[in-house]
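What follows is a single structure, written as structure tokens, with notes after it.
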Amino acid sequence: MARMFVPGPVDVAPEVLETMTKPVLPHRSKEYEAIFQRAAKKCEDLFYTKYRVFIGTHSGSGMQETGIRNLAQKDVLACVNGAFAERWYDVAVSNGKQTDKLEAEWGKPIDPQQLRDTLQKKHYEAITIVHNETSVGLENPVKELCEVIQEVSPDTLILVDAVSSLAGTKIEMDAWGIDFLLTSSQKCLALPPGISLAGTSDRALEKAATVENRGWYFDLLIMENHRLKNSTAMTSAVSLVYALDYQLDRIFAEGLDARFARHAAMSQRVYDWAVERGMDSLAEAQYRSKTVATIKNTHSIEIPKLNAYLLERGMRIANGYGTLKNTTFRIATMGETQMSDVDELLGYIDEFIK
Ligand SMILES: *Cc1c(COP(=O)(O)O)cnc(C)c1O
């Protein structure tokens, strides 16, 4: 019974919330360390990595900052075609990195050929890419972009933000060659907000060891030292880690492939519904997000009024992001959402349009 069709925070299953009412263990107790270690191990399967996944006591943006502070001393290339990629660029600039932008129009993918040309002109230590740009409902061709980087500039580290897609879309960290892959708890993982995850390659840690001024809170080497003892340098978000541990069991019980197929089918249902009513997606069909459909508001539906109507039925969708407000709207289908929820929602929207 999912009601939130916004791209995070999303509905959390009651039984997952229930796990957070267990007594809070001291984070340096053997009992807690066992849970922490078990949860982190399960994350490795979710990330398709043989390396490690750090569990951060902060939202995903903190992992954007972690990647930037650790994985480049100076030269960063930020691929930007939406608001969250723009944020990562700002994070890099505000941390004093010399950051160039490779831009595409919002709603258009980052072009592998343009990336190739850019990399042939200048060497970068790290590249930032957003996998699923939540502001425009677009999935960048990350696998192809990784192939270009590995061919033209193999020592450049690849940093990928998959906040709104990981656990909803298949992203194979090691096979694609991603060095730092980050996500937040409150989107496709369907957990409450407050923690984030970052898959981190050995190469990334080796690079971090050479980078100055990594800070303390976000220092990957301090994180790794503690991780090897099944712990964290600072107090862990104990209750959220209980929920993560439990939710990962639910995710693997569904099966990753089944979960990805469910997400793809639900977003496709939204696209088909919209196209039938003469409204196209903002992104071209090939690059449509599989977790957050962003639809051109061709019929000038009054989105705040629609949302008021939906709220009376306990549901909510998202308006367009920033300047795309009212000219687009977004329907996220993440986490606990089922096809029957999507059918119900679209039925209500049809009623409203009439
Ligand atoms: C939501 C989102 C973020 C921000 O994550 P927080 O957990 O709110 O810090 C970053 N990138 C993308 C693609 C997002 O969708």
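Just follow the structure's listing: the first ligand is 1, and inside any ligand the first atom is 1. Only heavy atoms go into these numbers, but all of them, side chains included; no hydrogens, no water, no symmetry mates.
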* In this structure, which one of Thr156, Leu220, Thr66 forms a side-chain contact (heavy atoms from CB on, under 4.5 Å) with Leu71? -> Leu220

* To do: Decide whether a cation-pi geometry holds between Arg28 and Tyr32; the criteria are a distance under 6.0 Å from NZ or CZ to the six-membered ring centre and an angle within 45° of the ring axis.
  => no

* Residue pairs passing the ring pair (Phe, Tyr, Trp, His ring centres under 6.0 Å) test where at least one lies in residues 266-302, sequence neighbours excluded -> none

* Asked: According to the ring pair (Phe, Tyr, Trp, His ring centres under 6.0 Å) rule, which pairs have a member within residues 77-127, sequence neighbours left out?
  -> Phe84-Tyr321

* Asked: Salt bridge or not for Arg69 and Asp219, using N-O below 4.0 Å?
  -> no

* Structure fact -> Distance filter under 4.0 Å, heavy atoms only, around ligand 1 gives Ser59, Gly60, Ser61, Phe84, Arg87, Val130, Asn132, Thr134, Asp161, Val163, Ser164, Ser184, Gln186, Lys187

* To do: Could you pull out all residues at least two apart from Phe252 that satisfy ring pair (Phe, Tyr, Trp, His ring centres under 6.0 Å)?
  => none

